[in-house]
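Worksheet: the structure to be examined is printed underneath.
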Amino acid sequence: MNILVTGGLGFIGSHTVVELIENGYEVIIADNLINSKIEVLDKLHEITGVKPIFYEIDVTDEDKLEEIFSSHEINGVIHFAGLKAVGESVEKPLEYYYNNVVSTMALSKMCIKYGVGKFVFSSSATVYGDQPSPLREDMELKETTNPYGETKAMSERILMDVAKANKGFAVSLLRYFNPIGAHKSGLIGEDPNGIPNNLMPYVAKVAKGELDELNVFGDDYDTIDGTGVRDYIHVVDLAKGHVKAIENLSKGINIYNLGTGRGTSVLELVNTFIRVNNVDVPYKIVDRRPGDVAICYADPSKAERELGWKATLNLEDMVRDTWNFAKIG
Ligand code: NAD
Ligand code: UFG
């Protein structure tokens with residue numbers, strides 16, 4: 001079975017490519033390298049022994065996409081390609097709407113034209129907006145807090161309508177919580193261009209001495225220690241969830257939370273990182289970051305019931321593997 005993986009050289013995409021290859025899938029990657037490096041292709045080869053077919057294209061470009069769809073028999077698409085920095089999306093809304101929404105439209109159009117019936121989409125817990133956790137798939141979606149979140153909510157709605165109109169088109173909307181960690185080989189991991197927006201890659205850079213100290217955004221939330229609580233999930237667990245989603249795709253729309261169901265505060269995560277890796281991470285408390293919610297964690301029971309998927313790696317695995325990758329890179 002041939003799977004087109006857009007954004008396959010990025011953080012979650014690259015780990016999913018490994019799992020797909022290890023489960024016997026043929027992978028075709030489309031990525032424009034806007035937030036990844038071409039070297040990841042060699043690392044994927046080193047880990048799996050297989051060099052996936054690679055197209056350096058922008059997946060909003062229908063003509064370029066058509067070249068791929070017309071020259072390979074594609075059986076399914078996993079669509080990771082997207083811009084993902086929440087703060088940047090507030091400053092550059094048009095870039096975010098264009099990139100994230102047009103790519104979803106162009107890809108689903110190609111799927112319909114070429115009879116590709118399986119589509120897995122990278123959605124986000126951000127579509128729930130500010131609602132009480134644990135978050136469940138059947139909750140009504142409230143307004144999201146930023147343009148990035150809106151691109152995910154819009155893409156979800158577009159895919160729902162396309163699936164309604166085309167009976168052979170089955171869609172899985174995977175709502176990720178907070179992926180961290182890295183492949184155990186240390187060869188692939190999260191390596192964003194520029195200063196990281198997300199907590200874990202920022203902590204890793206402070207531990208390496210590349211950044212002076214971590215800013216902890218607020219310690220006055222109504223949480224265990226006042227800092228924000230999130231559902232951190234090991235990226236390898238998340239990647240395995242995609243293989244299960246492809247294997248168990250039923251007709252129509254399927255929505256799943258991919259999280260652990262456990263909430264961890266910023267300080268709990270930082271202190272676990274310090275303890276497990278025996279490193280220093282200086283930090284200071286600063287103001288809250290606008291748009292942040294206090295608590296966000298999943299009810300992951302639907303994915304366990306219907307996909308037979310459950311996260312298995314714990315917080316210590318996550319911080320150890322993050323550091324194992326960061327200190328090599
Ligand atoms: P990433 O930036 O590491 O990977 C995205 C990849 O897509 C990159 O390799 C980038 O070069 C590529 N890309 C972006 N726009 C493209 C385009 N128009 N054409 C071709 N390639 C393009 O991000 P990630 O963390 O691996 O996230 C993957 C997906 O999961 C994204 O859609 C993101 O919004 C979503 N998501 C991520 C998180 C998270 O915390 N990492 C949480 C929820 C959802
Ligand atoms: N945080 C800090 N300092 C930092 C960075 C983050 O204190 O330098 C805190 C945040 O305030 C928050 C927690 O660490 O409490 C996690 O923040 P991240 O930026 O790592 O993650 P978010 O939960 O804000 O958002 C992430 C992704 C989104 C995705 C969302 C839900 O960036 O794309 O998870 O899955 F939508």
Side-chain angles (χ1 to χ4, degrees), residues 5-16 29-38 40 55-61 64-65 78-87 89 95-96 98-100 102-104 106-107 121-128 135 144-146 148-149 151-152 155 174-180 188-193 195-203 205-206 211 213-219 221 223 227-233 235 238-239 242 257-259 264-267 269-270 283-298:
V5 180
T6 76
L9 296 187
F11 175 44
I12 308 170
S14 58
H15 290 82
T16 304
I29 297 175
D31 198 306
N32 66 357
L33 305 178
I34 194 170
N35 198 34
S36 53
K37 299 186 176 72
I38 191 65
V40 173
Y55 286 87
E56 186 178 338
I57 64 152
D58 187 316
V59 295
T60 61
D61 185 335
K64 291 274 167 42
L65 278 182
I78 307 184
H79 179 30
F80 292 103
L83 300 174
K84 62 163 185 175
V86 171
S89 79
E95 282 183 24
Y96 272 70
Y98 190 84
N99 196 66
N100 293 3
V102 173
S103 60
T104 304
L107 275 161
F121 177 65
S122 293
S123 190
S124 165
T126 192
V127 300
Y128 290 110
L135 297 160
T144 56
T145 49
N146 55 74
Y148 165 73
T151 68
K152 293 294 174 188
S155 292
L174 302 181
R175 295 178 179 161
Y176 311 153
F177 283 71
N178 289 57
I180 60 171
I188 54 171
E190 186 168 20
D191 187 14
N193 295 336
I195 295 181
N197 294 288
N198 294 116
L199 179 61
M200 193 77 284
Y202 202 105
V203 166
K205 280 198 186 290
V206 173
L211 293 169
E213 62 182 347
L214 170 73
N215 293 315
V216 174
F217 298 139
D219 68 349
Y221 289 107
T223 62
T227 64
V229 166
R230 296 291 182 273
D231 185 339
Y232 297 96
I233 172 170
V235 66
L238 188 67
H242 292 72
N257 285 337
L258 297 184
T264 302
S265 76
V266 174
L267 290 183
L269 184 71
V270 172
Y283 64 82
K284 68 169 185 295
I285 309 291
V286 298
D287 286 348
R288 290 180 178 194
R289 181 171 66 178
D292 272 354
V293 299
I295 299 179
C296 173
Y297 62 89

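All ligand and atom numbering here is 1-based and tracks the order in the structure. Along the sequence shown, residues are numbered consecutively beginning with 1.
Closest protein heavy atom to atom 22 (C) of ligand 1: Asn32 OD1, 3.0 Å. Of all protein heavy atoms, the one lying nearest to atom 26 (C) of ligand 2 is Asn178 ND2, 3.6 Å. Shortest contact from atom 4 (O) of ligand 1 to any protein heavy atom: Gly10 CA, 3.5 Å. Protein heavy atom in closest approach to atom 32 (O) of ligand 2: Asn198 ND2, 2.7 Å. What sits closest to atom 9 (O) of ligand 1 on the protein, heavy atoms only, is Asp31 OD2, 2.6 Å. At the shortest separation from atom 24 (P) of ligand 1 among protein heavy atoms lies Lys84 NZ, 3.8 Å. What sits closest to atom 15 (N) of ligand 1 on the protein, heavy atoms only, is Asn99 ND2, 3.1 Å. In this structure, the protein non-hydrogen atom closest to atom 27 (O) of ligand 1 is Ile12 CD1, 3.7 Å. Of the protein's non-hydrogen atoms, Gly7 CA, 3.6 Å is the one closest to atom 6 (C) of ligand 1. Among protein heavy atoms, atom 42 (C) of ligand 1 sits closest to Phe177 O, 3.8 Å.
Atom 14 (O) of ligand 2 has its nearest heavy-atom neighbour, among Val266, Asn215, Val293, Ile295, in Val266. Taking only non-hydrogen atoms, the option from Arg289, Met200, Arg230 nearest to atom 17 (O) of ligand 2 is Arg289. Nearest to atom 10 (C) of ligand 2 by heavy atom, out of Ile180, Asp292, Val270, is Asp292. Considering only non-hydrogen atoms, atom 16 (C) of ligand 2 lies nearest to Tyr232 out of Phe217, Tyr128, Tyr232, Tyr221. Atom 35 (C) of ligand 1 has its nearest heavy-atom neighbour, among Phe121, Tyr148, Tyr232, in Tyr148.
Ligand-side atoms of ligand 1 in range of Ile34: 10 (C), 11 (O), 13 (N), 14 (C), 15 (N), range being under 4.0 angstrom from any heavy atom. Every atom of ligand 1 with a heavy atom of Ser123 under 4.0 Å away is listed here by number and element: 43 (C), 44 (C). Residue contact check: Ile57 has heavy atoms under 4.0 Å from atoms 19 (N), 20 (C) of ligand 1. Interface atoms of ligand 1 facing Asn35, defined by a heavy-atom separation under 4.0 Å, are 1 (P), 2 (O), 10 (C), 11 (O). Which parts of ligand 2 touch Tyr148 is read off a 4.0 Å heavy-atom cut-off, strictly below it: atoms 33 (O), 36 (F). In the vicinity of Pro179, heavy-atom distances shorter than 4.0 Å reach the ligand 1 atoms 39 (C), 40 (O), 41 (N). For ligand 2, the atoms sitting less than 4.0 Å from at least one non-hydrogen atom of Phe177 are 35 (O), numbered in the order shown with element in parentheses. Less than 4.0 angstrom separates some heavy atom of Asn197 from each of these atoms of ligand 2: 5 (C), 19 (O). The distance from ligand 2 to the heavy atoms of Gly228 drops below 4.0 Å at these ligand atoms: 15 (O). Ligand-side atoms of ligand 1 in range of Ser36: 8 (C), 9 (O), 11 (O), range being under 4.0 angstrom from any heavy atom. Here is the list of ligand 2 atoms found below 4.0 Å of a heavy atom in Ala125: 31 (C), 35 (O). Close approach to Leu33 involves these atoms of ligand 1, each under 4.0 Å from a residue heavy atom: 11 (O). Below 4.0 Å from some heavy atom of Val216 lie the following atoms of ligand 2, by number and element: 7 (O). Every atom of ligand 1 with a heavy atom of Asp58 under 4.0 Å away is listed here by number and element: 17 (C), 18 (N), 19 (N).
Between Leu199 and ligand 2, an N or O atom pair is found at a separation short of 3.5 Å. Between Phe80 and ligand 1, at least one pair of N/O atoms sits closer than 3.5 Å. On a distance-only criterion, Phe11 and ligand 1 share at least one N/O pair closer than 3.5 Å. Residue Glu190 has no nitrogen or oxygen atom sitting less than 3.5 Å from a nitrogen or oxygen atom of ligand 1, judged on distance alone.
Between Thr60 and the choices Asn100, Leu107, Val102, the side-chain contact (heavy atoms from CB on, under 4.5 Å) rule is met once, by Val102. The side-chain contact (heavy atoms from CB on, under 4.5 Å) test with Phe177 is passed by exactly one of Thr126, Leu135, Leu238: Leu135. Among Leu33, Ile34, Asn32, Leu65, the single residue meeting the side-chain contact (heavy atoms from CB on, under 4.5 Å) criterion with Asp58 is Asn32.
The shortest side-chain heavy-atom distance between Tyr202 and Leu214 falls under the 4.5 Å cut-off. Phe11 places none of its side-chain heavy atoms less than 4.5 Å from the side chain of Pro201.
For Tyr283, the OH atom counts as loosely surrounded, since its 6.0 Å shell holds 12 or fewer non-hydrogen atoms of other residues, nucleotides or ligands.
Residue contacts with ligand 2 for Tyr176 involve N, CA, C or O but no side-chain atom from C-beta outward (heavy atoms, distance under 4.0 Å). Contacts between Lys152 and ligand 1, counted as non-hydrogen atom pairs separated by less than 4.0 Å, involve the side chain only. At a 4.0 Å heavy-atom cut-off, ligand 2 does not touch Thr227 at all. By the criterion of a heavy-atom distance under 4.0 Å, the side chain of Ser124, and not its backbone, is placed next to ligand 2.
Taking each heavy atom of Ser124 and Tyr148 in turn, the nearest pair found is CB-OH, 4.1 Å. The shortest heavy-atom contact between Asp31 and Gly10 is OD2-N, 3.8 Å. Nearest approach of Ser122 to Lys152, heavy atoms of both residues: O-NZ, 2.9 Å. Nearest approach of Tyr221 to Ala294, heavy atoms of both residues: CD2-CB, 3.5 Å.
His15 and Phe80 have their aromatic ring centers separated by at least 6.0 angstrom.
Ligand 2 is never approached by Tyr283 to a heavy-atom distance shorter than 4.0 Å.
Checked by atom type and distance alone, the side chain of Lys37 never pairs as donor or acceptor with a backbone atom of Leu9 at under 3.5 Å. No donor-acceptor pair closer than 3.5 Å links the side chain of Asn257 to the backbone N or O of Ala298.
Note: Asn99 CG to Thr151 OG1 = 9.0 Å, rounded to the nearest 0.5 Å.
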